[in-house]
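Quick note: numbers below take in every heavy atom, side chains included, and nothing from hydrogens, waters or symmetry partners. Please read these numbers as outputs of a predicted model, since none were measured by experiment. Numbers here are sequence positions counted from 1.
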Amino acid sequence: MAAEKISLYNLADLKNTSDDAIPNYLNSLKFKQTHTLQDVRLALGYSSFAVAALCFLWDYKLGWDTTKYWTAAAVVVYMVLSGALTYWTTYKEKNVIYEGTAPSGDTIIVSTTTTKNIPIYNLDIVVRPKRASEGKPQTYTLANEFAGWFDEIGYFVAAPFQEMLASAVPLIGRQDPKRVKASQETLNANPDLLDAVLAASATEGKGQARQRKA
């Protein structure tokens, strides 16, 4: 359970807390998070700030007449960087809150959204095989109420949240089979998920047998 209590009526806090839980959970399963999207956004943002700061410094130290052509060029560069930043956050980064690689080499991208005044957490999870020859990317779309993993007083409860992810996405389920809570119909439709559950059950059975012998 999370140490911080949040308001159940604050949709932004509900989403942000859930978003923060995803990297923590996947990284605990030995997924390796990549930060390419964030790094590019930060690079564009800091570059824009640096250009603006240089313009101010030129004008302050050397005066307008001496630097007006350099300033004009800097304004153009600033506009290009700002446009690139807007494009990157709108069309590339979008709503992505996690991008990483599983121990198997497959990659996963998690995007999340909410709709105003509707306490539903929407996830789009794209899994790309390690090699293109292994198949096409798979997309998993989830939409669940925040009440499924926040208790009645506003504390985040990790177990049902993790069960939702592990049960819906075979790549996650294989790494955390004990969290898989799915119907037999769902398991039959996802052979990889079923294999993970059976493997976990076999491992747990062996552990109990050793305890009885001891």
Side-chain angles (χ1 to χ4, degrees), residues 14-42 87-115 118-150 156-204:
L14 292 171
K15 181 181 184 300
N16 291 336
T17 301
S18 301
D19 286 350
D20 291 342
I22 290 176
N24 293 336
Y25 176 48
L26 295 183
N27 292 341
S28 73
L29 300 179
K30 299 183 179 180
F31 282 73
K32 185 177 181 180
Q33 186 174 4
T34 57
H35 301 277
T36 303
L37 293 174
Q38 296 92 329
D39 290 344
V40 171
R41 170 165 48 84
L42 289 174
Y87 170 82
W88 188 262
T89 56
T90 303
Y91 297 103
K92 290 294 185 180
E93 193 170 8
K94 293 184 179 179
N95 301 304
V96 174
I97 55 97
Y98 186 87
E99 186 176 19
T101 305
S104 62
D106 299 335
T107 59
I108 184 171
I109 301 173
V110 182
S111 304
T112 65
T113 59
T114 56
T115 301
I118 300 178
I120 299 292
Y121 193 48
N122 303 295
L123 300 99
D124 288 308
I125 303 171
V126 178
V127 175
R128 295 193 177 100
K130 182 178 181 181
R131 300 179 183 84
S133 60
E134 295 177 354
K136 296 180 180 180
Q138 298 293 319
T139 301
Y140 305 89
T141 302
L142 309 177
N144 291 279
E145 294 184 1
F146 287 104
W149 52 88
F150 283 93
F156 176 82
V157 184
F161 184 75
Q162 294 171 356
E163 288 171 0
M164 173 189 69
L165 295 171
S167 301
V169 184
L171 184 65
I172 300 174
R174 287 197 297 270
Q175 292 301 120
D176 193 12
K178 293 183 179 180
R179 290 292 188 195
V180 176
K181 303 292 182 182
S183 65
Q184 190 61 47
E185 181 180 354
T186 301
L187 294 174
N188 290 337
N190 293 277
D192 291 340
L193 201 57
L194 179 59
D195 290 344
V197 173
L198 293 175
S201 299
T203 301
E204 185 176 355

Fit a plane to each ring of Trp149 and Tyr121, take the angle between them on a 0 to 90° scale, and name the class: parallel (under 30°), tilted (30 to 60°) or perpendicular (over 60°).
perpendicular
Flag yes if more than 12 heavy atoms outside Gln33 fall under 6.0 Å of its CD atom; otherwise flag no.
yes
Give the minimum heavy-atom separation between Ile97 and Pro23, together with the two atoms involved.
O-CG, 4.2 Å
Minimal heavy-atom distance between Phe161 and Ala21, with the atoms involved, is CE2-CB, 3.8 Å
Atom pair CG/CZ of Asp176 and Phe31 - distance to nearest 0.5 Å:
9.5 Å
Asp106 side chain to Ala102 main-chain N or O, any donor-acceptor pair under 3.5 Å?
no
So how far is it from Leu165 CG to Leu171 CG, rounded to the nearest 0.5 Å?
11.5 Å
Rounding to 0.5 Å, atoms CG (Leu26) and NZ (Lys32) come to a distance of 15.5 Å
Which atoms form the tightest heavy-atom contact between Met164 and Asn144, and what is the distance?
SD-ND2, 3.2 Å
Test side chain to side chain contact (heavy atoms under 4.5 Å, CB included) on Ile22 and Thr112; report intermediate values, then the result.
CA-CA 10 Å; Ile22 290 176; Thr112 65; 4.3 Å; yes
Here the pair of heavy atoms bringing Pro129 nearest to Gly135 is CG-O, 3.4 Å
Could you tell me which non-hydrogen atom of Lys130 sits nearest to which non-hydrogen atom of Ser104, and how far apart they are?
CD-O, 3.7 Å
If I take atom CD1 from residue Ile172 and atom CZ from residue Arg179, how far apart are they, to the nearest 0.5 angstrom?
13.0 Å
To the nearest 0.5 Å, atom NZ of Lys15 lies from atom CG of Asp20 at 9.5 Å
Any chance you could measure Leu14, atom CG, to Thr114, atom OG1, to the nearest 0.5 Å?
9.0 Å
Criterion side chain to side chain contact (heavy atoms under 4.5 Å, CB included) on Ile125 and Ile108, from CA distance to verdict:
CA-CA 7 Å; Ile125 303 171; Ile108 184 171; 3.7 Å; yes
